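Please read the structure below before turning to the comments.
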Amino acid sequence: MTQLTSDALVDAVLLGTRSGVLNSGDRLPTIQSLSDRLQLSTSTISRAWSSLVQMGVVETKRRGGSRIVKPVQATSYRTRGIDRSKFKYNLAASYPDLSLQADLGAVLAKVGRRGTFNGYAGKDEVSPALQTELLTRLGYEPESLMLANDVIGALPRVLQAVAHRGSAVGVGDPEFPLYPIILKQAGMSTAPIPFGEHGYEIEALERALTSGVKALIVQTRVHNPTGRNVPGGNLREIAKLLREHDAVAIEIDHHGALVPKKRVRLASLAPERVILMTSFSKDIHADVRVASIAGPVSVMERVSVWRAGGDWVSGVNRMILEVCLTDPDVLAGIERARAEYDRRRDHFTAAFAEQGLQIRSNAGLSLWVPVLSEQSAMVSLAAKGISVAGGSAFTSRRSNQDHVHLSLGSLGEDTEYLCGEVLSAALIEAVRSPF
């Protein structure tokens, strides 16, 4: 048989958990017995088991052997929780308001037959017109620029280019739940960096980098779930630490032009240390599944080589993006959407401030809402057909202030009504046990 590596053994176990061959509680063979059966060294199997333990898939107890603890589902973050079909208002997901997005029919009419296919060798080519518009959006000129079908889909390849299985990657706390899941599936662990009103906690970041963390995932223009923009001073400190510790950052921007252009990017402060991943689904249209990846050539070449043949962006999709970035009607629509999201956020902020609760979100679609009791607020809203996301799902640490998360894009014309309901739920205190 083909000689297995520890990574291949990890992948085999993960595949078994996803397909149902391995289930929670199933006992794994001993290292020695598996070594004899597969003709592998015990050190190879031990490395694989250690990676699985770090991923939270396997638990090893002294004299109790190794068992499957929690099968990893590729889309588990999308299926968590209760049946959303029971809710009239699903505010939990960070969806944009489709009524505020581009008219794709008009865009496709302009694209017509202009999409071109330059052969597989040209899969990473970007037209001069599109490159000009992308660089204008980025606000700086990276060494290398390519397109991908989706930020989330491309993230594992970028992680593979800057880190390795078993390494720890710095992420914010609170954080978008999908990032830790992707890291776990890649055999990597998270190094939580507290995120607050002033951005990422610099002392905690420095401790993580000093301990050996060499890669970070950061959201700077709009942080999900807090809906905050990272101040320029915080970004400059992060850039300084990246250089001092020979580390790299993956900077992710899901909001594009929904954030004013004057906002600085980490990539512009340390272009040789940052891979910038930008999507266009929230500001242009949810079905414009094109993303840009920018960064140093040394990293970008690895990303390009490791991408599968189907990862390239079609000429038609590239042309759709080019039209959207240059069409006056689309650009004007983005400005109107930004103003509407700002109006909805301001309405919530003012209403909550009157009750002594401060909403600190200041950009994008995410609204991080303070509540007296997360559980009480969610139960109250659910009873009225309104779903929100509990703040505890985004963080690994306890806080003195409970929160719920909702999307401004899901409010629609019912902003005033939903604000009143969310505010009423936010003021419900926790039910104290009589025992």
Side-chain angles (χ1 to χ4, degrees), residues 91 94 170-177 179-180 190-209 216-242 249 251-255 258-269 282 338 341-374 377 388-408 419 422-423 426-427:
L91 310 184
S94 296
V171 297
D173 189 358
E175 184 58 272
F176 178 39
Y179 297 152
T190 59
I193 311 297
F195 183 93
E197 182 179 358
H198 304 293
Y200 292 91
E201 188 177 297
I202 294 301
E203 290 184 0
L205 175 57
E206 187 167 17
R207 286 195 300 271
L209 294 173
L216 314 173
I217 295 177
V218 295
Q219 304 175 79
T220 59
R221 287 169 68 78
V222 181
H223 176 263
N224 181 350
T226 66
R228 289 197 60 81
N229 172 263
V230 179
N234 189 244
L235 294 180
R236 282 185 278 275
E237 291 184 276
I238 295 173
K240 180 174 179 288
L241 287 175
L242 291 176
E251 182 178 17
I252 298 179
D253 177 11
H254 287 293
H255 285 77
L258 291 178
V259 180
K261 293 180 180 179
K262 64 181 180 180
R263 303 289 193 183
V264 67
R265 296 183 188 275
L266 178 62
S268 67
L269 299 174
K282 282 186 169 53
R338 188 173 72 192
Y341 291 138
D342 288 346
R343 185 194 70 80
R344 295 176 186 181
R345 186 187 312 107
D346 290 344
H347 185 86
F348 268 77
T349 300
F352 272 67
E354 290 181 359
Q355 299 298 324
L357 295 174
Q358 187 173 7
I359 294 178
R360 300 182 183 276
S361 304
N362 61 7
L365 302 183
S366 289
L367 201 65
W368 193 234
V369 180
V371 296
L372 297 185
S373 166
E374 174 186 323
V388 295
S392 59
F394 298 83
T395 182
S396 60
R397 57 190 171 123
R398 296 183 65 84
S399 172
N400 294 328
Q401 175 67 69
D402 282 7
H403 289 86
V404 297
H405 171 270
L406 59 87
S407 171
L408 296 171
C419 178
V422 173
L423 177 56
L427 295 172

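Remember, predicted model here, so these are calculated numbers, not experimental data. The basis for the numbers below is simple: all heavy atoms, side chains too, and nothing from hydrogens, waters or symmetry mates.
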Legend entry - For the student: nearest non-hydrogen atoms of Pro174 and Thr226, plus distance: CG-CG2, 3.8 Å
Legend entry - Heavy-atom pair with the smallest gap, counting every atom of Cys419 and Ala351: SG-CB, 3.7 Å
Legend entry - Stepwise side chain to side chain contact (heavy atoms under 4.5 Å, CB included) check, Phe352 with Val422: CA-CA 10 Å; Phe352 272 67; Val422 173; 3.9 Å; yes
Legend entry - Glu203, CD atom: more than 12 neighbouring heavy atoms under 6.0 Å: no
Inset, instruction - Mind listing the closest non-hydrogen atom pair of Ile193 and Gly170 along with its distance? - result: CG1-CA, 4.4 Å
Inset, instruction - Look at the rings of Trp368 and His403 and say which category their plane angle falls in: under 30° parallel, 30 to 60° tilted, over 60° perpendicular. - result: parallel
Inset, instruction - Considering only NZ, NE, NH1 and NH2 on the basic side and carboxylate oxygens on the acidic side, decide whether Asp342 and Arg345 come within less than 4.0 Å. - result: yes
Inset, instruction - Answer yes or no: is there a donor N or O on one side and an acceptor on the other, between the side chain of Glu251 and the main chain of Gln219, under 3.5 Å? - result: no
Legend entry - Under 3.5 Å: donor-acceptor pair, side chain of Arg344, backbone of Leu408: yes
Legend entry - Residues Glu206, Glu237; criterion side chain to side chain contact (heavy atoms under 4.5 Å, CB included); working and verdict: CA-CA 10 Å; Glu206 187 167 17; Glu237 291 184 276; over 6 Å; no
Legend entry - Those residues that, when tested against Gln355, pass side chain to side chain contact (heavy atoms under 4.5 Å, CB included) (two or more places apart): Leu423, Leu427
Inset, instruction - Can you see which heavy atom on Asn224 is nearest to which on Phe394, and at what distance? - result: OD1-CE2, 4.2 Å
Inset, instruction - Kindly say whether Tyr200 contributes a backbone atom to a donor-acceptor pair with the side chain of Asn234 at under 3.5 angstrom? - result: yes
Legend entry - For Arg265, salt bridge (Lys or Arg N to Asp or Glu O under 4.0 Å) partners two or more places apart: Asp253
Legend entry - Arg360 backbone acceptor or donor facing Arg228 side chain under 3.5 Å: yes
Legend entry - Pairwise side-chain contact, Leu216 with Leu205, heavy-atom cut-off 4.5 Å (strictly under): yes
Legend entry - Exercise: identify the closest heavy-atom pair between Ser94 and His405: OG-CE1, 3.3 Å
Inset, instruction - Report the distance from atom CD1 of Ile359 to atom CG of Leu367, rounding to the nearest 0.5 Å. - result: 4.5 Å
Legend entry - Minimal non-hydrogen separation, Ala239 against Leu269, with atom names: CB-CB, 4.0 Å
Inset, instruction - Say whether, by atom type as modelled, one donor and one acceptor occur between the side chain of Asn229 and the main chain of Val222 under 3.5 angstrom. - result: no
Inset, instruction - Check the angle between the aromatic planes of His254 and Phe176 and answer parallel, tilted or perpendicular using the 30° and 60° thresholds. - result: perpendicular
Inset, instruction - Could you grab the distance from atom CZ of Phe348 to atom CG of Leu406, nearest 0.5 Å is fine? - result: 5.5 Å
